[in-house]
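In what follows, every heavy atom counts, from backbone to side chain, and hydrogens, waters and symmetry copies are set aside. Below, chains carry the letters A, B, ... as their sequence lines are ordered, and counting in each starts from 1.
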Amino acid sequence: MAIGKLAPIANRVTTAVAGALPSATVKNRKINRAISWIGKKISSPQNRLILGVTALMSQPFIDLHNRKVDEDTRKVSAARTVAKIIAGTTTGVLIRYGCIKAIDYCSMLPEQISKSTRFPKLRSLFTPSSNITAFLKDLSHYKKALGTIVSLAVMVVTNFLIDAPLTKYLTNKFIDKNNLNKNIPNPQSNTPILAHKEKTVKEASNA
Amino acid sequence: MPNSMFKNILNKIATAYGKNPGKMLVHTGVIGWVLSSAAQVCAIVLNDKIPKEQKMFLIPQEIADAGVNIVSFYLITQSFKSVALKLVNSGKLLPKAVKDFLVYKGVGDKLGKAGFDVYKSGALTPSGIKRLDSFKDGADVIGTTIGSIISCNLVTPLIRNEIAAHRQKKSIARMNTPYDVASNVKTPSKNFVKRPSIVDFQTQAYSKSSLSI
């Protein structure tokens, strides 16, 4: 089923859920301020960081408790997951943050630019048209959105040049550190693979 | 790129995401996962330290990760975001100052009812709209973040592991089926036919001789 066909169903479900939830009024001023602060300050770098930290707390354990595969696969899978999360979160957060800062630097409103402003053309390079800025009033969400989109373009390159090699390096480090390879056969030789294969099939069929 | 085209792109981004940070997080998140998975598949393929059997699990795991992430991101994250926005728009979840204003305006009994829209029917002042906007942005980001934690870090790993384990099992089973190495053609399995042994011949001979006597 296409995602588009699921949209009306999802809409009905969310309406029912929202209808079933009790009404609530946020009375505490600090909580109100915190919610507004989250809306204003939390953007894609912070979101990526939150997802990365929570991923580290959940995904390796899910991989280690995957009873559908043998123990070696479980360990390699968990090691690779941890490496992938560390590499992906580090580069993801830094690139998103850097791109948003760069877009922020180059999205000055015309009224903010004075004679003393250096590189005036560069400072308004990413500023949208005046009718849009009048409609938005506040450009902070726009800057974060454009910064995130630019960071995605950057990550097309960095995913392959930094993320993937870093994940490979960290995975191998974790495998070496845990001495995982002592029971795992050499991929170049045939005999242990066959023996290992039988073991894997047996374990998988038992599962 | 001509300057007007560049400005048009900027204007479209500003219109689409300038007032909706949660929507931007959903869209960029999906693209980010796809790109990341493509790179990770390359990393697994090129990693000589990972044995073939583990690669048979890790590659489908990574591909399933992107596929399941997109579906669960749209279904779960979008649903959380949608519920959060519906709660604020219908007046079920409001900051106290805005609720007090709405009660003062005489619409307090309609708050939270289906079809009620605080922005349309609440007659809010510009400062009230601004306050509600920032509250709504916060609820939007909180909903999107909780939804993405559940979808990306709990639902996706469970489903992708199931898919990858199934694929690994199939691949290993395929590796175990006998192949004729020379022609690379699958050898047809021969039915076992029991052939007569020397004992069978002797028994038959004795039985014949006993009959003749």
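- Note that the CG atom of N172(A) and the CG atom of N47(B) stand 4.0 Å from one another [nearest 0.5 Å].
- Using modelled atom types, one finds no donor on one side chain facing an acceptor on the other under 3.5 Å when comparing E53(B) with T73(A).
- Taking both residues in full, the closest heavy atoms of P128(A) and N11(B) are given as CB-OD1, 3.3 Å, listed atom of the first, atom of the second, then distance.
- Note on R96(A), K84(A), M57(A), R29(A): by heavy-atom pairs under 4.5 Å with chain B, the leading option is K84(A).
- Annotation: maximal heavy-atom pairing with chain B below 4.5 Å, among I38(A), L161(A), I35(A), T127(A), occurs at I35(A).
- Between K92(B) and A18(A), the shortest heavy-atom distance links the atoms NZ-O, 3.1 Å.
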- Task: Apply the test side-chain contact (heavy atoms from CB on, under 4.5 Å) to residues H65(A) and L158(B): give CA-CA distance (whole Å), side-chain angles for both, the deciding distance (0.1 Å), then the verdict.
- Result: CA-CA 10 Å; H65(A) 288 90; L158(B) 289 171; over 6 Å; no

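- For T81(A), the part sitting under 4.5 Å from any heavy atom of chain B is the side chain, from C-beta outward, and nothing else.
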- Task: Before giving the answer on side-chain contact (heavy atoms from CB on, under 4.5 Å), spell out for E62(B) and R80(A) the whole-Å C-alpha distance, their side-chain angles and the decisive distance to 0.1 Å.
- Result: CA-CA 10 Å; E62(B) 197 50 60; R80(A) 205 193 66 82; 2.4 Å; yes

- Query: After noting the C-alpha distance and the side-chain angles of K168(A) and D48(B), does the key distance pass the salt bridge (Lys or Arg N to Asp or Glu O under 4.0 Å) rule?
  - Reply: CA-CA 10 Å; K168(A) 185 183 162 183; D48(B) 300 332; 5.6 Å; no

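- With respect to K41(A) and D137(B), no salt bridge is recorded, no charged nitrogen being found less than 4.0 Å from a carboxylate O.
- Neither the backbone nor the side chain of A84(B) comes within less than 4.5 Å of any heavy atom in chain A.
- For D63(A), the parts lying near chain B are the backbone and the side chain together; criterion is any non-hydrogen pair under 4.5 Å.
- Within the model, atoms OG of S148(B) and CZ of R48(A) stand 10.5 Å from one another, a figure rounded to the nearest 0.5 Å.
- Between atom CG of residue L146(A) and atom CD1 of residue I13(B) there is a gap of 5.0 Å, rounded to the nearest 0.5 Å.
- Across P95(B) and T25(A), no two heavy atoms sit closer than the pair C-CG2, 4.2 Å.
- Residue contact with chain A, scored on non-hydrogen atoms closer than 4.5 Å, is absent for D100(B).
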- Query: Does the pair Y142(A) and L10(B) meet the rule for a side-chain contact (heavy atoms from CB on, under 4.5 Å), with working shown?
  - Reply: CA-CA 9 Å; Y142(A) 158 76; L10(B) 294 182; 3.5 Å; yes

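- For A20(A), the part lying near chain B is the backbone, with the side chain staying farther off; criterion is any non-hydrogen pair under 4.5 Å.
- Heavy-atom contacts from other residues, nucleotides or ligands closer than 6.0 Å to CZ of F116(B) number more than 12.
- Summarising the local packing, OH of Y119(B) is surrounded by more than 12 heavy atoms from other residues, nucleotides or ligands at distances under 6.0 Å.
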- Task: Kindly indicate, with the supporting measurements, whether the criterion side chain to side chain donor-acceptor pair (under 3.5 Å) is fulfilled by S77(A) and Q54(B).
- Result: CA-CA 8 Å; S77(A) 162; Q54(B) 267 85 59; over 6 Å; no

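- Among A145(A), A87(A), P22(A), the residue making the largest number of heavy-atom pairs under 4.5 Å with chain B is A145(A).
- In this structure a side-chain-to-backbone donor-acceptor pair under 3.5 Å is missing from K68(A) to N161(B).
- A side-chain donor from one of N153(B) and T54(A) sits under 3.5 Å from a side-chain acceptor of the other.
- Within 6.0 Å of the CZ atom in R123(A), the count of heavy atoms belonging to other residues, nucleotides or ligands exceeds 12.
- Checking side-chain atoms of S82(B) against main-chain N and O of T14(A) turns up no donor-acceptor pair under 3.5 Å.
- Atom CG of L21(A) and atom NZ of K86(B) lie 12.0 Å apart (nearest 0.5 Å).
- Most heavy-atom pairs under 4.5 Å with chain B, from the set T171(A), T148(A), N28(A), T158(A): that is T148(A).
- For A39(B) against F160(A), the heavy-atom pair with the smallest separation is CA-CE2, 3.6 Å.
- Taking CD1 of I149(B) as the reference point, atom CG of L51(A) lies at 6.0 Å (rounded to 0.5 Å).
- Of the residues considered (A24(A), P165(A), G19(A)), A24(A) shows the highest number of contacts with chain B, using heavy-atom pairs under 4.5 Å.
- Closest of all the heavy-atom pairs between S36(B) and N159(A) is N-ND2, 3.5 Å.
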- Message: One pair to check against side-chain contact (heavy atoms from CB on, under 4.5 Å): R131(B) and S36(A). What are the steps and the verdict?
- Response: CA-CA 8 Å; R131(B) 185 173 288 191; S36(A) 299; over 6 Å; no

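- To the nearest 0.5 Å, the span separating OG1 on T156(B) from CD on Q59(A) amounts to 8.0 Å.
- In terms of heavy-atom pairs under 4.5 Å with chain A, the best-connected choice from A43(B), C152(B), S134(B) is S134(B).
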- Residue pair K40(A), D133(B): steps toward the salt bridge (Lys or Arg N to Asp or Glu O under 4.0 Å) verdict: CA-CA 10 Å; K40(A) 208 170 183 187; D133(B) 271 344; over 6 Å; no

